[in-house]
Amino acid sequence: MLWSKLFIPTLRESPAEAEVVSHQLLLRAGYIRQLGAGIYNYLYLAQRSLLKIQQIVREEMNAIGAQEFLLPALNPAEVWQESGRYEAMGDNMFRLKDRFGRQLCLGMTHEEVMTVIARGEVRSYKQLPQIWYQIQTKFRDEPRPKSGLLRVRQFIMKDSYSFDLAPAGLDESYEKHRVAYCRIFDRCGLQYVAVEAHSGAMGGSQSQEFMVATDAGEDYVVVCKETGYAANLEKAVSRPVPPSAADAEGDLSPEEVHTPNQKSIDEVSAFLQVPATSIIKSLVLIADGKPVVALMRGDHQLSETKFQSALGCAEFRPAFPEEMRSLMGAEAGSLGPVGLSGVTIIADLALQGRRNMVAGANKDDYHLLNVTPGEDFAAAYHDLRQVTEGDTELETGAPLQILKTMEIGHIFKLGYKYSHSMGLNVLDQNGVETPVIMGSYGIGIERVLCGVVELYADANGISMPVSIAPFEAVVTPVKASDPALAGAAQQVYQELKQLGVDVLYDDRDLSPGVKFKDADLVGIPYRVVIGKKLPQGIVELAERRTGAKSEVPLAEVARLVAGKVSAAKQ
RNA sequence: CGGGGCGUGGCUCAGCCUGGUAGAGCGCCUGGUUCGGGACCAGGAGGCCGGUGGUUCGAAUCCACUCGCCCCGACCA
């Protein structure tokens, strides 16, 4: 490819609308252009990279026996109504009508369609297991598209679905995917962490997310370097830091104390000269319409996910001030668990066994001293606490780290949700109708691209891994109009092409600095510069990632680069 | 949906407060000189100032509405 003939619209400055690194660089390097909020054009460079990512995905999926389909993005509403997700997806689903007024929608994922295919054709256990996948455009009407390609309304996803007769088979299909995903992300040059994820209210027993650590991400994960523990913050468990002061011993009775205008934990702590770890934080929430008081140690945060699964409620919200008043008799800041009746009280495990703590008195401007869980009030104990910086690993006490991450893949044991709702059954060995057990596995193709851009970006721009770089090498004569330089460049270019390297010949008649800057910005891993030492038969080989430069004989450079390229691709 | 910000040549932005008919840098085109990290000289093209309506003798500028985009929050099977 001749650079002069290609459409690679690099920008010297970063467009104003781009905030995150990957967005800025993909725009500047001429990979993408925006068409609307959360809608992007993928230009030549992006498409080349995305195709390479897809090819890697394809190879690894095929390697575990998965079969590639291509299903419609346009779906009849009935299919989604059957599973109940036509309702459940709410405003996140793009919906439209055809000319006859029939309801259609754009697919957000393809569990339903896959299930429809399977139930029509798969009738015997002998036809199982199956793994079907596709690489398809998905549509989601995001409430707020943002961060360039990270959160968009239309994106490419590899989604696969496994069908097994029994849970043991699902375990195998799941494990195959886990291994395949690691290979895929390794081959794409990503650094990532696989974490336990919250399985959601959709049923399903196990789920793991593949995350890339980046400030551009929106998810937090908890990892332990020593033990290898890794979990999404929503689900992570830990050992909290111990209370900073021991509880007073003895069977003391609650004692009212005047705390005028001391509302927050910090205020009460300072006023009463008691550490936050000795205060009970009382939160009033309305879960599925019913009031619940959740109790936390003063310095701890309620995990909404854990609260929700502890109660098994569909939705919840903080109580309004009037509700607190009528329920508790006081306003937020003086609420507590003592003397409550007719309200569900759940408490975090960190309060179990504690004695003589401070809690709100349910009387404005008053707190209670000497409140002992289990004696002065009864509560059901659950792990409700969100892991926080400084916590340690639950079993070993090893240090934990919280990382900001972006999700690039998710593997998920679905269970029987779709087989049950949509009637996917087969006959087993005994001729008995048995529901099929399913798994669902996704990879965000653009997010893999964003992930590597975020991970390896430097002051000069993008630094692509060889495996998914739009071009593996570029040949740059310092002066394109010099026949000797151009001739040698042409020769190296041809040699590299013959050796199977994805090579670009930067034949533009521009000053060398411009060509170097462009090549660096775009992120081409290897650059061969034909310059002043050509008369001695010497050219320069520069590596984008390391910045290393070496002088190489003209006659050997092509083979050298080809060797490095194939080594980098394994 | 709530809060904030921004829409002016391809890109980054100035001009707007205090109305008088549009500018800079970069990019682009032509010619010449250059050629190892975003060169230089000369000449040139390119903008109904997001849209609609209003105020005014006159609107990029003031007012109203509207559309779009970005950020924070809500939301995110």
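All chains are named by letter (A, B, ...) in the order of the sequence lines, taking the proteins before the strands, and each is independently numbered beginning at 1.
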Measure the distance from CG on A:L510 to P on B:G37 and round it to the nearest whole Å.
14 Å
Is there, by distance only and without an angle test, a donor paired with an acceptor across the side chain of A:E13 and the base of B:G25 below 3.5 Å?
yes
For the residue pair A:F69 and A:W132, is the inter-centroid distance of their aromatic rings smaller than 6.0 Å?
yes
If you look at every strand shown and take non-hydrogen atoms under 4.0 Å, does A:P512 touch a base, only sugar-phosphate, or nothing?
base
P gap between B:C17 and B:A64, integer Å
15 Å
Separation of the C1' atoms in B:C26 and B:G4, to the nearest angstrom:
30 Å
So which protein N/O to nucleotides 38-40 of chain B N/O distances come out below 3.5 Å?
residue : atom : partner : partner atom : Å
B:G38   : O2'  : A:R12   : NH1          : 2.2
B:G38   : O2'  : A:R12   : NH2          : 3.1
B:G38   : O6   : A:R28   : NH2          : 3.1
B:G38   : N1   : A:D518  : OD1          : 3.4
B:G38   : N2   : A:D518  : OD1          : 3.2
B:A39   : OP2  : A:S511  : OG           : 3.3

With ring centroids as reference points, do A:F412 and A:Y441 lie under 6.0 angstrom apart?
no
NZ of A:K146 versus P of B:A74: gap in Å, rounded?
10 Å
Under 4.0 Å between a side-chain nitrogen and a carboxylate oxygen: does that hold for A:E331 and A:K263?
yes
Rounding to an integer number of Å, can you tell me how far A:N41 CG sits from B:G10 P?
17 Å
If you measure from the Lys or Arg side-chain nitrogens to the Asp or Glu carboxylate oxygens, is any gap between A:D509 and A:K479 under 4.0 Å?
no
Using Watson-Crick geometry (N1-N3 plus N6-O4 or O6-N4) or G-U wobble (N1-O2, O6-N3), each under 3.5 Å, B:U30 is paired with B:A42
Separation between the C1' atoms of B:A42 and B:U52, rounded to whole Å:
45 Å
Using the P atoms only, state how far B:G50 lies from B:A59, rounded to an integer number of Å.
15 Å
Taking the minimum atom-to-atom distance to the side chain of A:A16, which one of B:U12, B:C75, B:A77 wins?
B:U12
Comparing nearest nucleotides in RNA chain B, the 5'-proximal residue of the pair A:E304, A:G36 is A:G36
Any A:R144 side-chain nitrogen or oxygen under 4.0 Å from OP1 or OP2 of B:A74
no
Watson-Crick or G-U wobble mate for B:U56, both contacts under 3.5 Å:
none
Who is the Watson-Crick or G-U wobble partner of B:C65, with both distances under 3.5 Å?
B:G51
A:G415 and A:S419 have their tightest heavy-atom pair at O-OG, 4.2 Å
Quick test of your reading of the model: are A:D506 and A:K515 salt-bridged, counting only N-O distances below 4.0 Å?
no
Can you find a side chain N or O atom of A:Q34 that sits less than 4.0 Å from OP1 or OP2 on B:G68?
no
Side chain of A:D520, base of B:G37: donor and acceptor closer than 3.5 Å?
yes
With a 3.5 angstrom cut-off on both distances, give the Watson-Crick or G-U wobble partner of B:G2, or none if there isn't one.
B:C72
Searching all strands shown, indicate the nucleotide that pairs with B:G37 (Watson-Crick or G-U wobble; both distances under 3.5 Å).
none
For the side chain of A:F412, starting at C-beta, report the closest nucleotide among B:A77, B:G36, B:C71.
B:A77
What distance, rounded to whole Å, do you find between the two P atoms, one in B:G7 and one in B:C49?
15 Å
Using heavy-atom distances to pick each residue's nearest nucleotide on RNA chain B, tell me which of A:A480 and A:R153 is more 5'.
A:A480
Taking the P atom in each of B:C57 and B:C13, what is the distance between them to the nearest angstrom?
37 Å
For A:M89 and B:C75, give me the distance from atom CE to atom C1', rounded to whole Å.
14 Å
Are A:Y40 and A:H23 near enough that their ring centres are under 6.0 Å apart?
yes
Please determine whether any donor N or O and acceptor N or O are separated by less than 3.5 Å between the side chain of A:S481 and the base of B:C35.
yes
Tell me which donor-acceptor pairs under 3.5 Å the side chains of residues 530-540 of chain A have, and how far apart each pair is, sequence neighbours excluded?
residue : atom : partner : partner atom : Å
A:K533  : NZ   : A:E551  : OE1          : 3.2
A:K533  : NZ   : A:E551  : OE2          : 3.0

If you look at every strand shown and take non-hydrogen atoms under 4.0 Å, does A:G90 touch a base, only sugar-phosphate, or nothing?
nothing
Nearest whole Å is fine: how far is B:C75 P from A:R140 CZ?
17 Å
Atom pair distance, as rounded to whole Å: CD1 in A:I39 and P in B:G68
11 Å
Measuring only the C1' atom in each nucleotide, how far is B:A60 from B:U8? A whole number of Å is fine.
7 Å
Is there a donor-acceptor pair closer than 3.5 Å between any side-chain N or O of A:R102 and the backbone N or O of A:K97?
no
Can you measure A:L27 atom CG to B:G27 atom C1' for me and round it to whole angstrom units?
16 Å
Closest approach of A:C105 and A:W80, non-hydrogen atoms and distance?
SG-CD1, 3.6 Å
Return the residues of residues 537-550 of chain A meeting this criterion: a heavy atom under 4.0 Å from some atom of RNA chain B. Order them by number, or give none.
A:E540, A:K549
Using the C1' atom in both, what is the distance from B:C11 to B:C16, to the nearest Å?
22 Å
Counting any heavy atom closer than 4.0 Å, what does A:R527 reach on the DNA or RNA strands: base, sugar-phosphate only, or nothing?
base
Angle between ring planes, A:Y44 versus A:F471, binned at 30° and 60°: parallel, tilted or perpendicular?
tilted
So if I take every side-chain heavy atom of A:D509 and compare against B:C70, B:C35, B:A77, which nucleotide ends up nearest?
B:C35
To the nearest Å, how far apart are A:E17 CD and B:G50 C1'?
15 Å
Pair A:D520 + A:R527, salt bridge at N-O below 4.0 Å:
yes
Indicate, with a heavy-atom threshold strictly under 4.0 Å, whether A:S440 touches base, sugar-phosphate, or nothing.
nothing
Find the partner of B:C11: check Watson-Crick (N1-N3 plus N6-O4 or O6-N4) and G-U wobble (N1-O2, O6-N3) distances, both under 3.5 Å, and reply none if neither fits.
B:G25
Check A:M422 against A:S83 and note the closest heavy-atom contact, atom names and distance.
SD-CB, 4.0 Å
